[in-house]
Amino acid sequence: MSGTSALPAPIQAAAAPKATWRLSPYALPLHTLRIAASCALPLIIWFSAGRLVRWALLLLAATLSHGSWYQARLVVVVFLFTLVVMTSLATTVGMLYVIRGALMETSARRNASEAKEGLFGALNRTALVFSGIYMTWSFINQDISDFMNIDLFRQPDRVLVDAFAGQDSGVMAGLINLDFKVSLATAAVAYLVKTFFGRRHEAGQGRFSGIMATFGELAFVFYGLNAIWTLAGARSAWIGDRAVVASGEKLAADAQGAIPGWEWFWSDVWPHALDGLAVPLAWLTVGILVYGAYAEDTQTTIRGTPLETAAARLQDTHSLTRRALSKLTSGWTERWIPLLNSLRLTVRGGAPLFGLFALCYVGLHIGGDYLGRAGQYLLASDKPYFYFVTDVPVFFVAELLVTTLTMCLIAATFDLAATRDRLRRRSVTG
């Protein structure tokens with residue numbers, strides 16, 4: 001199928017002066033490579049700098065997690081770990097931001113005299129949703145694993161020595177060993193920071209209010225998890241004996257035995273569906289927020305959907321009821337409407353576009369795994385522990401290629417979806 005025939009008739013007419021093959025959803029891989037070739041240097045710089053800062057923070061956190069004034073040290077460790085996640089946020093947004101100039105949609109916005117947005121504006125707008133996605137989809141697990149590995153490799157013999165002496169070495173436990181009272185106190189401070197800057201961000205005040213609110217929210221989660229961890233250890237037996245928990249476990253066991261394919265679906269199908277569809281969509285949401293499409297406020301986000309009618313009706317209700325509903329639904333609208341809208345934008349660009357995007361995303365990450373294994377095989381040596389020297393550069397290069405191409409793929413998908421949608425609307429109105 002040619003690029004022209006893949007386009008709806010209104011888009012073909014509106015895009016006639018241009019090379020229509022560039023607007024075809026099947027041109028996504030070529031468009032991705034074109035963006036990668038034109039933006040390779042800044043992408044490599046952003047990725048390398050981000051990884052350098054991230055590993056420095058993890059090493060510093062692992063180093064500080066042992067010694068005198070242990071609880072005070074752990075407060076700093078969790079603080080540094082929060083900075084690790086914020087570094088991932090800044091690296092992702094920075095890599096997407098430097099690609100803006102290579103997009104067709106950006107050129108169209110500039111021709112329409114739209115003001116150029118700075119990096120901090122995109123970072124401020126993206127921060128809160130990024131933190132939700134980062135935690136919800138367990139991307140943070142890699143940060144936790146890297147922290148534990150660094151702490152272990154710094155003193156691998158200490159675990160065994162302290163175990164024989166009947167002592168807790170504290171190795172790999174710097175993120176969970178905070179005292180319950182200390183955890184509550186620090187979580188309370190983080191919650192105040194989150195609430196204060198969150199309200200300023202909602203009111204559109206403060207250049208860095210969104211970033212600070214995100215930092216406070218992440219810190220609140222990490223400090224709070226220590227308190228929950230302590231309570232969970234003390235109450236796990238009590239919870240396991242409760243009637244509700246026992247009933248839930250019985251229902252799950254009954255469903256597994258009564259519904260054919262139940263266990264197969266949840267163990268073999270559902271995880272792959274999440275990895276192949278939901279995770280790419282989550283990262284696409286981040287890209288859409290960075291580029292500022294339908295993300296300035298809730299009214300813009302829900303325009304053209306049934307939610308807009310519901311919001312209009314809500315304006316006619318009693319003021320007290322309206323304020324109560326706003327409080328109850330604000331978290332949902334801020335967190336999940338962007339996710340729904342990213343799918344909506346992509347589907348409006350053509351269902352094949354999202355399908356090809358998900359396919360390319362999965363292919364990139366599978367290819368990255370094979371690339372890492374190939375590098376390990378080619379640099380293998382008979383010298384003991386030589387892989388300590390070779391594994392780091394091999395996996396760095398593999399991760400560099402996968403991450404940069406993924407960012408370019410996200411940008412290219414947004415570019416095609418937004419351009420096709422803009423041309424369709426122009427053909428309808430004009």
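Numbers for residues simply follow the sequence, beginning at 1.
Defined by atom type and a distance below 3.5 Å, a donor-acceptor pair is present between the side-chain atoms of Tyr70 and Asn177. Under 3.5 Å, the side chains of Tyr134 and Asp143 contain a donor-acceptor pair of N or O atoms.
Taking the ring centroids of Phe139 and Trp283, they lie under the 6.0 Å cut-off. The distance between the ring centers of Phe215 and Phe79 falls below 6.0 angstrom.
With contacts defined as side-chain heavy-atom distances shorter than 4.5 Å, the pair Leu416/Glu105 does not qualify. Considering only heavy atoms from C-beta on, Phe357 comes within 4.5 Å of Leu284 through its side chain. Between Ser131 and Val85, the closest side-chain pair of non-hydrogen atoms is not below 4.5 Å. Side-chain contact between Trp55 and Asp146 is present, with at least one heavy-atom pair separated by less than 4.5 Å. Side-chain contact between Asp275 and Val362 is absent, with no heavy-atom pair separated by less than 4.5 Å. Within the 4.5 Å cutoff, side-chain heavy atoms of Val221 are placed close to those of Leu225. Side-chain contact between Thr390 and Gln376 is absent, with no heavy-atom pair separated by less than 4.5 Å. Side-chain atoms of Leu281 and Phe354, non-hydrogen and from C-beta on, do get closer than 4.5 Å to each other.
Evaluated for a side chain to side chain donor-acceptor pair (under 3.5 Å) with His66, the options Gln155, Arg73, Arg154 yield exactly one hit, Gln155. None of Thr285, Leu96, Leu123 except one satisfies the side chain to side chain contact (heavy atoms under 4.5 Å, CB included) rule with Val290; the exception is Leu96.
Other residues, nucleotides and ligands contribute at most 12 non-hydrogen atoms within 6.0 Å of the CZ atom of Phe120. Surrounding CZ of Phe395 are more than 12 heavy atoms belonging to other residues, nucleotides or ligands, all under 6.0 Å away.
Between atom OG1 of residue Thr32 and atom CG of residue Asp415 there is a gap of 10.0 Å, rounded to the nearest 0.5 Å. To the nearest 0.5 angstrom, Cys408 atom SG is 8.5 Å from Leu33 atom CG. Summarising the geometry, atom CG belonging to Leu80 is positioned 9.5 Å from atom CZ belonging to Phe147; distances are rounded to the nearest 0.5 Å.
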TODO: I would like to know whether Phe396 and Phe47 meet ring pair (Phe, Tyr, Trp, His ring centres under 6.0 Å); could you show each step before the answer?
DONE: CA-CA 10 Å; Phe396 177 84; Phe47 178 84; 5.5 Å; yes

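Ion pairing of Glu399 with Arg51 is present here, as a side-chain N (NZ or NE/NH1/NH2) and a carboxylate O approach within less than 4.0 Å.
Applying the ring pair (Phe, Tyr, Trp, His ring centres under 6.0 Å) definition to pairs two or more places apart or across chains, those involving residues 362-382 are Tyr361-His365.
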